[in-house]
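A short worksheet on the structure shown next.
Atom set for the values below is all heavy atoms of this structure, side chains included, hydrogens, waters and symmetry mates excluded. Just so we're clear, the structure is a prediction, and the values are computed from it rather than from any experiment. Along the sequence shown, residues carry numbers from 1.
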Amino acid sequence: MAYFEVKNVSKSFGKTEVLKSIDFSMEKGQVVSIIGSSGSGKTTLLRCINFLCDPDLGEFYLEGEKFFTAGEKLKDKQIREKRMNFGLVFQQFNLFPQYNVKENLCLAPKLLAEEKEDFKEKKQEYFDEIEAHADHLLEQVGLTEKAENYPGELSGGQQQRVAIARALMLSPKILCFDEPTSALDPELTGEVLKVLRELAEKDITMIIVTHEMNFAREISDKVVFMADGVIAEEGEPEEMFSNPKSLRLRAFLAKTE
């Protein structure tokens, strides 16, 4: 039984079909990279998985259980609870400029802690645990010394590493990345890719939408190639990059060389 499955997911905006009966699955601890040209539906798929966009059709399965069916009427609290299973790191970091690095990491967990029935009695205990977790993650991404800095004082690569740490704060079951290096200068891309490699080595389950073909080839357990809203080809990275079967994938890889 797959750890996470997307079944028959479709999405249209007006008359434009962006996703057309998407099916794919992944195992726990796997890294799946989604590649394809702009407009192929990669980001829309990622947004559907993270409950930022409602699919018109389809189902999600998590840990062998039906997790979501398109058309379900969910309350805001239910959506938040489902979304917590997924951590999403955006292209543009989306850090809160008015909060320092550590506050950016702690904000969501502290708000969630306030919803607990015993919050008043255990407030300090909860907050101490959250801040200790933030310290650990900042150390993990190499930014301990930047805890008190504000986002505007950081480089793009440092901001993206903060965004990764923030996504990890709620211990999501699947960590998702939408072109995590696209907003970075080439010299800053390496430091973010290094963190992703380290996460992969810890068997963190990840879905990565990326335009970095060499990175996708190196880090992935599976590569999914999207074109015109469908999965045109998928498989192990070495096979996909060395011996692409579809004309679409061959043409796409030729353009990226």
With a 4.0 Å cut-off, would you call [X] and [Y] a salt bridge?
X    : Y    : answer
K202 : E198 : no
E236 : K222 : no
K245 : E239 : yes
E233 : R248 : no

With sequence neighbours left out, the residues meeting salt bridge (Lys or Arg N to Asp or Glu O under 4.0 Å) with K20 are none
Between L154 and V101, is the side-chain contact (heavy atoms from CB on, under 4.5 Å) condition met? List the steps. CA-CA 9 Å; L154 306 180; V101 165; 3.6 Å; yes
If a pair satisfies salt bridge (charged side-chain N to carboxylate O under 4.0 Å, His left out) and one of its residues is in [range], list it, with sequence neighbours excluded.
range           : value
residues 79-90  : R80-E115
residues 33-48  : none
residues 91-111 : K102-D135, K110-E131

Using atom types as modelled, flag every donor-acceptor pair under 3.5 Å from a side chain in residues 50-57 to any protein atom, sequence neighbours excluded.
residue : atom : partner : partner atom : Å
N50     : ND2  : L46     : O            : 2.9
D56     : OD2  : S12     : N            : 2.7

### Message
I'd like to know whether CD of E63 has more than 12 heavy-atom contacts from other residues, nucleotides or ligands below 6.0 angstrom.
### Response
yes
Measure from NZ or CZ of K11 to the centre of the six-membered ring of F13 and say whether it is under 6.0 Å with the direction within 45° of the ring axis. yes
Given 3.5 Å as the limit, does a donor-acceptor pair link the side chain of Q160 with the main chain of V192, or not? no
Can you name the residues that form a side-chain contact (heavy atoms from CB on, under 4.5 Å) with [X], not counting sequence neighbours?
X    : answer
S242 : R217, E238
V195 : V141, R161, I164, L199
A251 : none
L111 : L107, E114

Sequence neighbours excluded, the answer for ring pair (Phe, Tyr, Trp, His ring centres under 6.0 Å) partners of Y150 is none
Here the side chain to side chain donor-acceptor pair (under 3.5 Å) pairs for residues 25-39, sequence neighbours left out, are S33-S220
Donor-acceptor side-chain pairing of N214 and E218 below 3.5 angstrom: no
query: Is M213 linked to L193 within one hydrophobic cluster, defined over Ile, Leu, Val, Met, Phe, Trp and Tyr using a side-chain heavy-atom separation of less than 4.5 Å?
result: no
*Honestly curious: do F93 and Y99 fall in one hydrophobic cluster under the side-chain, below-4.5 Å linking rule?*
no
Test item: P244 and L253 side chains (from C-beta on) under 4.5 Å apart, heavy atoms
yes
So the ring-ring contact (aromatic ring centres under 6.0 Å, His included) pairs with at least one residue in residues 196-230 (sequence neighbours excluded) are F225-F252
